[in-house]
Amino acid sequence: MFANRKIENIEMEVMDAVNQARKQQPLLNAMVSFTEVDEAIEYAKSSSGKMAGLPIILKDNVLTKGVRTTGSVQILDNYIGTYDATITTKLKEAGAVIIGKSALDGLGMGGTGTNCHTGFVHNPYDLTRMAGGSSVGSAVLVASGAVAFAIGSDTGDSVRKPASFVGIVGVKPTYGRISRYGIIPYASSLDHVGYFTRGVEDAALSLEVLAGRDDKDMTSSFREVENYLANLNGDLTGKTIGIMGNVIDAIRSKEVLVLFNDLVEKCKAAGAIIKVIHMDPVRLKTCLPVYYIIANSEATANHSNLDGVRFGMQERGDSLEELMTNSRTKGFSFLLRKRFIIGSYSLADENQDLLLRKAQKVRRLLVEDFKVALADIDVLIAPASSDVAPLLTDTSADQLSARYLIAENHMVLGNFSGYPSMTIPMGKINGLPIGINLTAKPFEEQVLFDIALGMEHLTGCKNMMAEVML
Amino acid sequence: MSFEVIIGIEIHCELKTKTKMFSGAPVSFGNLPNTCVNEIDLGHPGTLPSLNKRAVELAIIACELMNCEIDRLIRFDRKNYYYSDLPKGYQITQQFHPIGRGGYVDIEVDGVSKRIGINRLHMEEDTAKQFHHGDVTWIDFNRAGTPLVEIVSEPDIRSGKEAAAFVEKMKSLLEFGDISDVKMEEGSLRCDVNISLRPYGFEGYGTKVEIKNLNSVNNVLRAVEAEIARQTDVYFKGESIVQSTRRYDETSRKTVLMRKKEGAVDYKYFPEPNIPPIMISDEFYRKVKSNLPKTAQQRKEDYIHLLGLSDYDASILTSGKDLSDYFDAIVSCGAPAKNTANWLISEVLSVAQLRNNRRFADWIQPQHMSDLLVLVSEGKISGKQAKEVFADMIQGESPKDIVAKKGLVQVSDEGHLLCWVLEVLSNNAQSIEDYKNGKDRALGFLVGQVMKLSKGKANPAMTSELLVQELSKR
Amino acid sequence: MERISKKQVYKLAQQLMLRLSEEEADNIIAEFDTLLKQLDLLDQIDTSNVDEMIYPFEEPTDFFREDIVDHVLPIEEVLYNAPVEEEGYFVIPKVVKD
Ligand SMILES: [Mg+2]
Ligand SMILES: [Zn+2]
């Protein structure tokens, strides 16, 4: 925990984090690279920033000048950042010490931590299990206790899902609240910068550091950044909490429902008003295909810059076309090539009406439903996953079942709408954590943090860390 | 059978901004390769576009000058294709919502005026420049991201002359609007022409051929005429036109096939998610509109009606913005308009041509030019002397210094002049006789003698008057 | 939507400067079956008179960047990541200029 705590021995704190991350690496495989820390430590010593001396980790899709930034794809394996992302600059200015870059599913396109260029990432609570994705390395390193803060990015639920699987706090603020400049994109209209902490207070403070208008990101918001930590208030009295009925209906795990209902009861006892809200179930089942089409369409264009000509890995060829084709074929895993092809298919002139434009229209309807659902309440809640983290070997998810379509994909509504959304742990099942997801109205991060803090008091799940067996 | 010629023209025009369309890197003017770029122009991972305000202003001005309806909500789209000169793998352009639509410009051919429709005007970004060296290609990204407007005419053009007049008119509007350098030979204005033929009275269009990268107005004329001749020939041979892209070869004065077009390329356009729609506010729009630069036509009318210049002089002065600006600068220093016009058209333009340099102010400051013309109009030096002074001014000296150094002051003092007149008369009795006998040439001879005696300093007009006065006494 | 053909898959791949093995192309065709079933879900939604939602928030902004040079990369940094470079240029196999 770092909110309201001054770090006295910065060297020690940073070196502890580095050593722990290094020691855990053979088991977790969560790091891509370690960075030089000396300069940042010196800077931190004289810094009065909100993260002065705090060792942190960035997802390896965040640009760092002079430091390798791979996006977890072969084609960027040798890419050295030519500039700092806006958040990199903000974090450095706040006195944070970046100790390294963490693994992700390639280009953020995946939710399992099994599509990383550096290999599978393991759940610190059970090494045979996934930790979710795509911000898998960052989530795992916060859960393992190596660092108290790590950056992720969230296009579908890539911060909030792994947070659930490893028992930590994962925040995806309002679209535009944090600049996306310098984040290797996945799908621009859905991408959010997010982050992990082990408590709500740290989460509130972190947003103060990260948020704010950035002219380099035209979609970033002009709204004032609030004093989220100072204003934090966990009193649930009179707070209106809506339960996503459709998600509860789709969950099959009794243990998950017990944990969830138990927390709801405690909220009620603490003075909260509980409502059950149902959204149009037919529309809700389209979350996945709508996401899949929009995300892949935008992604295929976003990554057209990766061609082997100006940077990154080049595979020679006798012609430009051969050079590009060789570089891109070798540079992207099959999973990525497949998604680019599906995205490109959705963009093709003859298909765009039926695919991309159709998906964008349904996106509007879903967001309208979501807005209505949130109209008379403070936050909307649901379990962040339908069960605990799956086994790494588990590929059995039936993508067309209600469990999958609704219970596993509802958090993408936060990306469609841009509404602020976060996951906090709600307990453990057989020693494995699981989280609850909360979503508020646009730019109501304070409301979100307040209620999350109230719930954190009720669950007692604060500063949870896995004991990684070394 | 005779054919109607259908021509549409597309113009790409680089905007006169300091920075790129979507990045704060400088727009390059012949700089070393890859020294005017940043990570955005290179399409590095994670970069995002940030729209240049000046580029939008210039696009609005262009719309106004071409009478386009302006879409006040600015939106951009992606045009997707892979090529080494396109760093992001897509070009940010305005496919679905161009800033301007439905405009027109008037051209004049052989004294007849004609209105040409403007279908659309949109903003986009330029690509990199490539140079071919043996078996490799070198890429310079300095040009990548330079702001462009693309202007597409309606297919209203019917001949090579009309095509050339249209391009000339666009150049003039864009140049006088301070929108672009419009240097076709340097590529800051690029022109593609689409040509098809159809039998008169026939509805619909024939197969279209595109001629790319015409680098001068003259070549527009020649290329169009060559292509019309070629297509006519093809039809008369009973063959059909192949949809294709051609270029104009200056040596053979023919169009040459570059590639056939097999079906339309699918650019998979979709709205640019990184640029939210931006509203041009009333305030912003009003400000741009109230500061619209004058067109060549407006300047010409001012010259005729406010400065009393002839239609001919005014036309020449407004044939290029550089000349018109120079003229305005000289006149605003106090020189008389008419004389300034004469001097610019006769002396200055011929020197400019000789030196192949139309940055007039570089070799004679407007103030110097004005000083010279004031010296003449005040009778301080003669026109002949002025030409002598002008020749020296090109070396950078001020006319006043030259006049002083050379002692070139014109003598207009009556007493002084009378001395010379009397001396000449006393030495030329025969001429006095001739004058009395009605030989007009004698007066000219006598004036010449006074000029000679005065080493050219005598004011010729006054000398002539004094001579007549004195002769009448004898 | 119809099932995608192998030819279409290869054509898309070619447009994207990607190569696929036979096996990979088959896998993509199989994936399309799942996608088509999901599209059936989309087809059940009436979207007549609904506009595409392209941005999470749709109030237009009025921000423009001022036309002031703010950032140029030094040539060393431009070329640092260049796979092949010569005399300050990026180098590729000769392209036939259109
Ligand atoms: Mg065009
Ligand atoms: Zn264009």
Side-chain angles (χ1 to χ4, degrees), chain A residues 78-80 82 175-176 189 215 218-219 282-283 285-286 288-290 292 300 304 307-314 317-325 328-329 332 334 337-338 340-342 344-345 348 351 354-355 357-365 367 399-400 405 415-418 442, chain C residues 1 4 8-21 23-25 27-28 31-32 34-35 37-58 61 63-66 70-71 73 77-84 90-96:
Chain A
N78 59 353
Y79 178 68
I80 306 296
T82 40
Y175 189 84
S189 81
D215 286 348
M218 293 187 74
T219 63
V282 180
R283 285 187 192 168
K285 279 190 182 170
T286 65
L288 179 63
V290 167
Y292 198 66
T300 188
S304 303
D307 58 12
V309 171
R310 296 166 311 286
F311 52 81
M313 188 206 73
Q314 183 185 89
D318 290 338
S319 66
L320 174 67
E321 192 177 338
E322 257 187 61
L323 181 155
M324 284 186 174
T325 307
R328 287 170 59 81
T329 302
F332 297 121
F334 171 60
R337 281 180 280 138
K338 175 162 76 179
F340 293 161
I341 285 171
I342 288 165
S344 190
Y345 181 78
N351 301 330
L354 285 167
L355 292 168
R357 288 193 200 104
K358 176 77 180 183
Q360 288 171 327
K361 286 174 180 180
V362 179
R363 176 180 182 177
R364 179 179 300 284
L365 293 173
V367 170
Q399 299 206 334
L400 296 176
L405 284 175
N415 303 78
F416 291 163
S417 64
Chain C
M1 285 246 105
I4 193 166
Q8 274 176 291
V9 170
Y10 280 126
K11 193 179 157 200
L12 282 166
Q14 193 203 355
Q15 287 169 353
L16 290 174
M17 303 282 171
L18 296 173
R19 245 191 307 273
L20 296 170
S21 69
E23 202 182 320
E24 288 170 339
N27 180 305
I28 289 176
E31 174 107 357
F32 262 85
T34 312
L35 181 67
K37 280 180 202 142
Q38 293 189 1
L39 291 181
D40 290 342
L41 298 170
L42 278 190
D43 285 341
Q44 292 168 30
I45 316 287
D46 178 9
T47 52
S48 40
N49 306 316
V50 179
D51 285 337
E52 295 87 0
M53 182 172 190
I54 294 152
Y55 312 91
F57 300 109
E58 297 177 300
T61 67
F63 169 79
F64 297 106
R65 176 178 54 82
E66 294 297 331
D70 63 9
H71 176 42
L73 276 182
E77 290 177 26
V78 169
L79 298 173
Y80 192 88
N81 282 288
V84 189
F90 292 80
V91 182
I92 50 167
K94 184 161 188 165
V95 292
V96 186

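All figures in this text were calculated on a predicted structure; none of them were measured in a lab. All chains are named by letter (A, B, ...) in the order of the sequence lines, taking the proteins before the strands, and each is independently numbered beginning at 1.
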(message) Could you check whether any side-chain heavy atom of C:Leu20 comes within less than 4.5 Å of a side-chain heavy atom of A:Ile341, counting everything from C-beta outward?
(response) yes
(message) Does any backbone or side-chain atom of A:Tyr175 lie under 4.5 Å from a heavy atom of chain C? Answer side chain, backbone, both or neither.
(response) both
(message) Which heavy atom of C:Pro93 sits nearest to which heavy atom of A:Gly317, and what is that distance?
(response) CG-O, 3.3 Å
(request) Check each atom of A:Val367 against the heavy atoms of chain C and say whether the ones under 4.5 Å are side chain, backbone, both or neither. (result) side chain
(message) The test is side chain to side chain contact (heavy atoms under 4.5 Å, CB included); show your working for C:Met17 and A:Glu322 and say whether it passes.
(response) CA-CA 8 Å; C:Met17 303 282 171; A:Glu322 257 187 61; over 6 Å; no
(message) Need one label for C:Ile4: side chain, backbone, both or neither, based on atoms under 4.5 Å from any heavy atom in chain A.
(response) side chain
(request) With a 4.5 Å cut-off on heavy-atom pairs, point out which of C:His71, C:Lys94, C:Glu58, C:Gln44 contacts chain A the most. (result) C:Glu58
(request) Using a cut-off of under 4.5 Å on heavy-atom pairs, state which of A:Ile342, A:Asp307, A:Asn415, A:Thr219 scores highest against chain C. (result) A:Ile342
Ignoring hydrogens and angles, write down the donor-acceptor pairs under 3.5 Å from the side chains of residues 48-56 of chain C, residues two or more places apart or on other chains.
{"unit_1": "C:Ser48", "atom_1": "OG", "unit_2": "C:Asp46", "atom_2": "OD1", "d": "2.5"}
{"unit_1": "C:Ser48", "atom_1": "OG", "unit_2": "C:Asp46", "atom_2": "OD2", "d": "3.4"}
{"unit_1": "C:Tyr55", "atom_1": "OH", "unit_2": "B:Glu272", "atom_2": "O", "d": "3.0"}
{"unit_1": "C:Tyr55", "atom_1": "OH", "unit_2": "B:Ile275", "atom_2": "O", "d": "3.1"}

(message) Is the distance between the ring centroids of C:Tyr80 and A:Phe311 under 6.0 Å?
(response) no
(request) Look at atom CG of C:Asp40 and say whether more than 12 heavy atoms of other residues, nucleotides or ligands are closer to it than 6.0 Å. (result) yes
(message) Nearest 0.5 Å, please: how far is CG in A:Leu355 from CG in C:Leu39?
(response) 5.5 Å
(request) Rounded to the nearest 0.5 Å, what's the gap from CG on A:Leu320 to CD1 on C:Ile92? Could you check? (result) 4.5 Å
(request) Calculate, to the nearest 0.5 Å, the distance between atoms CZ and OG belonging to C:Phe57 and A:Ser417 respectively. (result) 6.5 Å
(request) Return the option, out of C:Leu18, C:Asp70, C:Asn81, with the maximum number of heavy-atom pairs under 4.5 Å with chain A. (result) C:Asn81
(request) Please tell me if the side chains of C:Leu41 and A:Val282 come closer than 4.5 Å, counting only heavy atoms from C-beta onward. (result) no
(request) Would you name the heavy atoms of A:Gly308 and C:Pro83 that are closest together and state the gap between them? (result) O-CG, 3.4 Å
(message) Only pairs of heavy atoms separated by less than 4.5 Å count here; which of A:Thr286, A:Ile80, A:Asn78 has the most with chain C?
(response) A:Ile80
(request) Calculate, to the nearest 0.5 Å, the distance between atoms CG and CZ belonging to A:Asp215 and C:Arg65 respectively. (result) 10.0 Å
(message) Is A:Ser344 close to chain C through its backbone or its side chain, or both, or neither, when contacts mean heavy atoms under 4.5 Å?
(response) both
(request) Against chain C, label A:Ser319 side chain, backbone, both or neither, depending on which of its atoms sit under 4.5 Å from a heavy atom there. (result) backbone
(message) Whether the side chain of A:Arg337 engages the backbone of C:Arg19 through a donor-acceptor N/O pair (distance < 3.5 Å, no angle test) should be reported.
(response) yes
(message) If I measure from the heavy atoms of chain C, does A:Ser304 come under 4.5 Å with its side chain, its backbone, both, or neither?
(response) neither
(request) Against chain C, work out which of A:Ser189, A:Gly418, A:Pro289 has the most heavy-atom pairs shorter than 4.5 Å and name it. (result) A:Pro289
(request) Rounded to the nearest 0.5 Å, what's the gap from OH on A:Tyr292 to OG1 on C:Thr34? Could you check? (result) 8.0 Å
(message) Tell me whether C:Glu24 is salt-bridged to A:Lys338, with the criterion being a basic N under 4.0 Å from an acidic carboxylate O.
(response) no
(request) Look at A:Lys358, A:Met313, A:Met324, A:Arg283 and state which one has the largest set of heavy-atom pairs under 4.5 Å with chain C. (result) A:Lys358
Going by atom type alone, with no hydrogens or angles, which donor-acceptor pairs under 3.5 Å involve a side-chain atom of residues 8-16 of chain C and a protein atom two or more places apart or on another chain?
{"unit_1": "C:Gln8", "atom_1": "OE1", "unit_2": "C:Ser5", "atom_2": "N", "d": "3.1"}
{"unit_1": "C:Gln8", "atom_1": "OE1", "unit_2": "C:Ser5", "atom_2": "OG", "d": "3.4"}
{"unit_1": "C:Gln15", "atom_1": "OE1", "unit_2": "B:Lys268", "atom_2": "NZ", "d": "2.4"}

(request) To the nearest 0.5 Å, tell me how far A:Phe340 CZ sits from C:Ile28 CD1. (result) 11.5 Å
